[in-house]
Amino acid sequence: MKPFNFIFLSVIILLPLFSISQQFDIVFQQCYGGSEGDSGADIVLIPDSTFMVLSITYSDDGDISYSHGEHDIWVTKTDWQGILLWENTYGGSDTESPQQIENDPTGGHFLLSYTQSNDGDVSGNHGGIDYWVTKIDDLGNLIWQKCLGSSVNDYA
């Protein structure tokens, strides 16, 4: 048998031994949202051992306190046990789509999203879909926002 075939065959035979999954304990599980489709996009651990979850919401009820329009950015903050500490929506009357949440080392958090709106929390849309960068503080208050793009659809 050629050395390559023997090594390949050995890996195939031994792979199941190394891929036995570990058992993990569920620390918490919780459902958040409203009666329409709501979907998480990103999660970040905050230095104070809480979590922020960036989502899209189509709802205007349940855990969602306010709807700006069609689809909104929805951010929830939970403690380490999954207890909802606060939630907030961001957007305008058209569609917003979440992409990523990042901690700012100087405090607060950046929300990276797309927007088609030019009202509500959104200003400066150049037309079509713009990349939308917002900064919020640790309580979910909007500090600033900026639309990046041109008169056609722009994606980052």
Side-chain angles (χ1 to χ4, degrees), residues 15 18-156:
L15 189 60
F18 296 109
S19 65
I20 296 172
S21 64
Q22 293 181 343
Q23 293 295 325
F24 294 99
D25 294 327
I26 297 173
V27 176
F28 73 84
Q29 61 181 359
Q30 183 64 275
C31 294
Y32 310 101
S35 60
E36 300 296 323
D38 306 308
S39 179
D42 199 11
I43 186 169
V44 66
L45 176 64
I46 310 296
D48 65 1
S49 298
T50 59
F51 298 96
M52 276 195 170
V53 180
L54 176 68
S55 306
I56 187 170
T57 182
Y58 299 83
S59 302
D60 61 0
D61 58 3
D63 295 317
I64 292 87
S65 60
Y66 184 77
S67 174
H68 295 269
E70 286 191 32
H71 315 124
D72 290 331
I73 302 301
W74 186 43
V75 176
T76 55
K77 184 173 183 179
T78 70
D79 68 9
W80 66 274
Q81 295 176 313
I83 295 171
L84 187 63
L85 301 174
W86 58 258
E87 60 79 33
N88 205 356
T89 57
Y90 309 90
S93 60
D94 214 326
T95 297
E96 281 71 45
S97 178
Q99 300 299 309
Q100 190 173 350
I101 185 170
E102 291 289 334
N103 291 331
D104 180 354
T106 64
H109 314 279
F110 295 108
L111 310 179
L112 309 171
S113 311
Y114 295 110
T115 185
Q116 289 181 293
S117 300
N118 201 22
D119 57 6
D121 295 326
V122 184
S123 63
N125 187 305
H126 301 91
I129 298 171
D130 275 2
Y131 201 64
W132 191 39
V133 180
T134 55
K135 183 173 181 182
I136 61 172
D137 65 17
D138 287 327
L139 298 175
N141 299 309
L142 185 63
I143 297 171
W144 58 259
Q145 64 86 42
K146 178 85 174 166
C147 287
L148 305 171
S150 64
S151 61
V152 296
N153 291 343
D154 301 288
Y155 300 94

Assess, by modelled atom type and distance only, whether the side chains of [X] and [Y] contain a donor and an acceptor separated by less than 3.5 Å.
X	Y	result
Asp38	Ser55	no
Gln145	Ser123	yes
His109	Asp138	yes

Is there a side-chain contact between [X] and [Y] in this structure, where contact means two heavy atoms from C-beta onward sitting under 4.5 Å apart?
X	Y	answer
Asp104	Lys135	yes
Leu142	Thr134	yes
Tyr32	Thr57	no

Considering all heavy atoms of both residues, which atom of [X] and which atom of [Y] are nearest to each other, and what is their separation?
X	Y	answer
Pro98	Ala41	CG-CB, 3.8 Å
Tyr66	Asp72	O-OD2, 4.0 Å
Asn103	Pro47	ND2-CD, 4.2 Å
Trp132	Asp121	CZ2-O, 3.8 Å
Glu36	Ser59	N-OG, 2.9 Å
Ser93	Ser117	N-OG, 3.5 Å

About how many Å separate [atom2] of [Y] and [atom1] of [X], when rounded to the nearest 0.5 Å?
X	Y	atom1	atom2	result
Leu85	Leu139	CG	CG	10.5 Å
Asn88	Trp74	CG	CH2	11.0 Å
Ile73	His68	CD1	NE2	10.0 Å
Thr50	Trp80	OG1	CH2	13.0 Å
Ile101	Leu111	CD1	CG	5.0 Å
Thr115	Leu148	OG1	CG	11.5 Å

message = side-chain contact (heavy atoms from CB on, under 4.5 Å) for Lys77 and Asp48? Distances and angles first, verdict last.
response = CA-CA 11 Å; Lys77 184 173 183 179; Asp48 65 1; 3.6 Å; yes
request  = Using a cut-off of 6.0 Å, state whether more than 12 heavy atoms not belonging to Trp86 lie near its atom CH2.
outcome  = yes
task = Could you check Tyr114 against Tyr131 for ring pair (Phe, Tyr, Trp, His ring centres under 6.0 Å), going step by step and ending with a plain yes or no?
result = CA-CA 5 Å; Tyr114 295 110; Tyr131 201 64; 5.2 Å; yes
task = Identify which one of Val122, Asn125, Asn118, Asn153 satisfies the side-chain contact (heavy atoms from CB on, under 4.5 Å) criterion when paired with Asp130.
result = Asn125
message = Let's go through Leu84 and Thr76 carefully: what are the C-alpha distance in whole Å and the side-chain angles of both, what is the deciding distance for side-chain contact (heavy atoms from CB on, under 4.5 Å) to 0.1 Å, and is it a yes or a no?
response = CA-CA 7 Å; Leu84 187 63; Thr76 55; 3.7 Å; yes
message = Let's go through Val133 and Trp144 carefully: what are the C-alpha distance in whole Å and the side-chain angles of both, what is the deciding distance for side-chain contact (heavy atoms from CB on, under 4.5 Å) to 0.1 Å, and is it a yes or a no?
response = CA-CA 8 Å; Val133 180; Trp144 58 259; 4.0 Å; yes
ask   = Do Thr89 and Ile64 pass the side-chain contact (heavy atoms from CB on, under 4.5 Å) test, and can you show the C-alpha distance, the side-chain angles, and the key distance before you say yes or no?
value = CA-CA 8 Å; Thr89 57; Ile64 292 87; 3.8 Å; yes
